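Structure first, commentary second.
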Amino acid sequence: MSDISEKLLKPYNPKETEDNIYKLWEESDFFNPDTCIAKGVTAPDAETFSMVLPPPNVTGNLHTGHALMLVIEDIMARYARMQGKRTLWLPGTDHAAIATQSKVEKMLEKDKIRKADLGREEFLKKVEAYATESHDTIVTQCKKMGVSLDWSREAFTLDEKRTFAVRTAFKKMYDEDLIYRGHRIVNWDPKGQTVISDDEIVYEERKSTFYTFRYGPFEIGTARPETKFGDKYVVMHPEDPRYLEWNHGDKITVEWINGPIEATILKDEVIDMQFGTGVMTITPWHSHEDFALAEKYKLDKEQIIDKHTKLLPIAGEFAGMKINDAREKIVQKLKDKGLLVSVDEKYINRVATAERTGGVVEPQIMEQWFIDVNKKIPSRENKSLKELMLEAVGSKSVKIIPERFEKEYFHWINNLRDWCISRQIWYGHRIPVWYKGNEMYCDVNPPKEAGWEQDPDTLDTWFSSGLWTFSTLGWPEETEDFKTYHPTTILETGHDIIFFWVARMILMSKYLLGDIPFKTVYMHGMVRTADGKKMSKSLGDKAIDPLDIIEKYGNDALRLAMIVGNTPGNDLKLNENDIRGYAKFANKIWNASRFVFENIKGLDFDNLPAFDKEDASSDEDLKEFIKEITKEMNEFRYSLVSEKIYHYFWHTFADILIERSKKKIQEGQNADSAKALLYTHLVTLLKILHPFMPFITEEIWSMMPKKKNLLMVERWPVLK
RNA sequence: GCGCGGUUAGCUCAGUUGGUAGAGCAAUCCGUUUACACCGGAAAGGUCGGGGGUUCAAGUCCCUCACCGCGCACCA
């Protein structure tokens, strides 16, 4: 005890404390619920609390967004554990297919190595090496954050068990015709050389040039003259008074880029009469909307642009040119032919770009794998995946916090198209389908006979993430963990991945298990810099590194700065001043504890003296306070609770009770009562502070007389 | 265009059944009384974006406008 006292005499130093405390926790193995039961700190029949960690991508370092997620979830887990619940918080990482692959490609580019030169196998070795390295970094950084994750159950979206789960899920969906292969218009990312899903598109507003050309008797507008070679359908609104002389199906011959073509007139209500001239030509191969029209009227579809954004032979003299190089030359030719009517250079266009590579998305008709979201499923009461997803949230089986995201969720589902799940990249789960001539074979394992060739494509990374709540628990095997912990209690994640992930998990779980994946979804906001910028990869080195903050101010201070004033769904501006303030608070706790320890020597802890009237009243106040914050904890109102505890500790316990006790102890008037109050108050306050500030509270707890166990498995104060 | 969120003290933000506005930081004044100067005490600071309505009572409910941010859709 003497060396500890010496430590207490100096200001609180998180750096000297945190690593040791984490080691202590790890050695105790209390992060593992099985150990908690074995050591008698959790009842075997206790209520379950389970939660998966949204697996960080193995693409580098932890950023402040991760830190926020880890802090909120650690509070949830520690609170549940202290309530005596059988608590599992399960860690893992995500292979993040496109993100990881493109990162490695970029690194190889620096050494002038292309992945095609390496070949699939060699390239994958490089990616795996990088993934392993990133994984190790991330795990180390998570531990620095103080997380009470059960590392013994750690999973990876691409490990053996998860691969088995993915293949099992794929096969089941394939057998029930929910997964199909077909030619559809998809989003082609020429930069990443892969298809991406609708959700992986980021729209950017860009200024571009809008041209109006003469097209026979009409004038048509376009921002993309390079796609216009094959345009032989001209569409207008059936009620447009300007074009009543033309009938649906009329054919006309018009002079166009490479000579005369025969065009067919179509009348359709999709046309906006107010826009431009109210006439447009269509390019079904390279536009979602035009494709839909072409399907409706069974029109010809011609490919104009190849996968590398080069023009095909249909472009005549322009064939082989990149679209960006060809554009102006095409315009010039049309101008020379007298077909250019006008040019608007201030046109604002919304350009579809690929989330991960930044490439400009070029719609293409391609053969890909899809998940049918509208097909009625016999084994699920003839409901479609869409309906299953709507039902989960609509019935409140899954509750989303804050509630407003439920609306976004419904809106997304109502506009949902079939999910394109195949990707032309190498890193990820290879599609478990094999071909031999015209035969197709789908199974968890490859066919035994020779001569079968596996599909070269891999799965959208969110396919495996969708299984995460149960694949991590051993599914498809009926493991004890799966039976005990699924559905999980809560999913805590950023609101930016509600569609990518939350919706997909509900889809997969409802379909494969007939059950929800979690009962509650808690969505946190995005972390921003002090000047409001989104703290993301694009900020690069300018982003705050949570580990630097910890180094400077300590983990507990960072945690409070992320929790106080941060309500669900709202963005958080991380501000160094706040962090500094909470570091002061840590010191305050430290010093107040020192005072208590110095003054309670000699107390009979088994038989505490009675409170005098004044202290009894303060004791009641604390009980009232606990009641209040416990209710709020159960409502996930961490911002409020943390602020209240901060205030209670500082301005009630330290400023009033400790000051009052000084008098009593010095004057020898009801000194025992004062000492008993200091002791019991500190014990209780450390407990309720622990989920928020685990390190300093555990450290002080270790100096506490009469302690039985680590603070992390002590009971949250319960009032009858 | 449709929808959602925000607009509260100089700054960052809380404020859940409607009952005369709160915290942290900053700024002001006083105080070095041994747990803590990474401190204590005091005072100051807001017509809760504008306008209208419901109500005995509105930051809180309704309508409307403005600005900021976000989601979705369209963009020939």
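Basis for what follows: all heavy atoms, side chains included, without hydrogens, waters or symmetry-related copies. Worth saying up front: this structure is predicted, and the values here are computed from it rather than measured.
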### Query
So what does His288(A) touch, heavy atoms closer than 4.0 Å: a base, only the sugar-phosphate, or nothing?
nothing
### Query
When you measure from the side chain of Pro11(A), which nucleotide among A14(B), C38(B), C36(B) comes out closest?
C38(B)
### Task
Starting from the C-alpha separation in whole Å, work towards a yes-or-no answer on salt bridge (charged side-chain N to carboxylate O under 4.0 Å, His left out) for Arg224(A) and Glu362(A).
CA-CA 12 Å; Arg224(A) 304 203 53 197; Glu362(A) 188 64 65; 2.8 Å; yes
### Message
Between Ser287(A) and Phe499(A), which residue's closest nucleotide on RNA chain B lies nearer the 5′ terminus?
### Response
Phe499(A)
### Summary
Gln666(A) atom CD is separated from U33(B) atom P, nearest whole Å, by 13 Å
### Message
Classify Asp655(A) by what it touches in the nucleic acid, base, sugar-phosphate, or nothing, heavy-atom distance under 4.0 Å.
### Response
sugar-phosphate
### Query
When we call it a touch if two heavy atoms are under 4.0 Å apart, what does Tyr12(A) touch: a base, just sugar-phosphate, or nothing?
nothing
### Query
Which nucleotide in the set A14(B), C4(B), C36(B) lies at the smallest distance from any side-chain heavy atom of Leu640(A)?
A14(B)
### Summary
Closest to the side chain of His647(A), out of G40(B), C36(B), G24(B), is G24(B)
### Task
Give one of base, sugar-phosphate or nothing for Ile658(A), where a contact means two heavy atoms less than 4.0 Å apart.
base
### Query
For Thr277(A), which contact category applies under a 4.0 Å heavy-atom criterion: base, sugar-phosphate, or nothing?
nothing
### Task
Report the nucleotide, chosen from C4(B), A23(B), C13(B), that has the shortest atom-to-atom distance to any side-chain atom of Lys407(A).
C4(B)
### Query
Under 4.0 angstrom, heavy atoms only, what part of the nucleic acid is Asp290(A) near: base, sugar-phosphate, or nothing?
nothing
### Under 3.5 Å donor-acceptor, Asn570(A) side chain and Asn566(A) backbone
no
### Query
Base, sugar-phosphate alone, or nothing: which one does Arg404(A) contact when heavy atoms must sit under 4.0 Å apart?
sugar-phosphate
### Query
P atom, G59(B) versus U47(B): distance in rounded Å?
13 Å
### Task
Return the nearest nucleotide to the side chain of Ala592(A); candidates are A23(B), A35(B), A14(B).
A35(B)
### Task
First locate atom CG of Leu334(A), then atom CH2 of Trp256(A), and finally report the distance between them rounded to the nearest 0.5 Å.
5.5 Å
### Task
Figure out the CG/P separation between Asp198(A) and C72(B), and round it to whole Å.
10 Å
### Message
Using atom C1' in both nucleotides, what's the gap between C65(B) and U7(B) to the nearest angstrom?
### Response
14 Å
### Query
Between Arg637(A) and Tyr646(A), which is nearer to the 5' end of RNA chain B once each is assigned its nearest nucleotide?
Arg637(A)
### Task
Select one nucleotide: of A23(B), C75(B), G71(B), the one nearest the side-chain heavy atoms of Glu408(A).
G71(B)
### Message
Taking C30(B) as the reference, what is the distance to C48(B) when you measure between their C1' atoms (whole Å, please)?
### Response
32 Å
### Message
Let's go through Lys675(A) and Ser661(A) carefully: what are the C-alpha distance in whole Å and the side-chain angles of both, what is the deciding distance for side-chain hydrogen bond (donor to acceptor under 3.5 Å, both in side chains) to 0.1 Å, and is it a yes or a no?
### Response
CA-CA 7 Å; Lys675(A) 288 179 185 179; Ser661(A) 77; over 6 Å; no
### Query
Given the C1' atoms of A14(B) and A21(B), what is the spacing between them in whole Å?
12 Å
### Task
Check the pair Lys644(A), Glu628(A) against salt bridge (charged side-chain N to carboxylate O under 4.0 Å, His left out), reporting the backbone distance first and the verdict last.
CA-CA 10 Å; Lys644(A) 280 184 180 176; Glu628(A) 188 181 313; 2.7 Å; yes
### Task
Describe the nucleic acid contact of Ala586(A) in one word from base, sugar-phosphate, nothing, applying a heavy-atom distance below 4.0 Å.
nothing
### Query
Thr222(A) near the nucleic acid: base, sugar-phosphate alone, or nothing, with a heavy-atom cut-off under 4.0 Å?
sugar-phosphate
### Query
For the ring pair Trp285(A) and Phe291(A), is the centre-to-centre distance below 6.0 Å?
no
### Summary
Closest of A35(B), G40(B), A14(B) to the Ser639(A) side chain is A14(B)
### Closest listed nucleotide, where the reference is the side chain of Phe275(A) and the choices are A35(B), C75(B), A14(B)
C75(B)
### Message
Counting the atoms with a prime plus P, OP1 and OP2 as sugar-phosphate, which does Lys588(A) contact under 4.0 Å by heavy atoms, base, sugar-phosphate, or nothing?
### Response
base
Return a table of donor-acceptor pairs under 3.5 angstrom between the side chains of residues 498-505 of chain A and protein atoms on other chains or two or more places apart.
from      : atom 1 : to        : atom 2 : distance (Å)
Trp501(A) : NE1    : Ser465(A) : O      : 2.9
Arg504(A) : NH1    : Phe500(A) : O      : 3.0
Arg504(A) : NH2    : Asp199(A) : OD2    : 3.2

### Query
Does RNA chain B take part in any stems of at least 3 consecutive Watson-Crick or G-U pairs (both distances under 3.5 Å), and if so, which ones?
B:1-7 with B:66-72, B:10-13 with B:22-25, B:28-31 with B:39-42, B:49-53 with B:61-65
### Message
Side chain of Lys584(A) only, heavy atoms from C-beta on: which candidate in A35(B), C38(B), G40(B) is closest?
### Response
C38(B)
### Task
Please measure how far the P atom in C56(B) lies from the corresponding atom in C11(B), and state the result in whole Å.
37 Å
### Query
In whole angstroms, how far is the P atom of A35(B) from the CH2 atom of Trp590(A)?
17 Å
### Message
Can you tell me how far apart NZ (Lys232(A)) and CG (Asp300(A)) are? Round to the nearest 0.5 Å.
### Response
4.0 Å
### Task
Please step through salt bridge (charged side-chain N to carboxylate O under 4.0 Å, His left out) for the pair Glu403(A) and Lys396(A), ending with a clear verdict.
CA-CA 11 Å; Glu403(A) 214 169 324; Lys396(A) 297 277 175 188; 3.4 Å; yes
### Cationic N near anionic O, under 4.0 Å, Lys301(A) to Glu295(A)
yes
### Task
Using the P atom as the reference point in each nucleotide, state the distance between A23(B) and G46(B) in Å, no decimals.
15 Å
## Note on the structure
Ranking A35(B), C38(B), C74(B) by distance to the side chain of Glu289(A), first place goes to C74(B)
### Message
Taking the P atom in each of C68(B) and C74(B), what is the distance between them to the nearest angstrom?
### Response
25 Å
### Query
Expressed as a whole number of Å, how far does the C1' atom of G24(B) sit from that of C38(B)?
15 Å
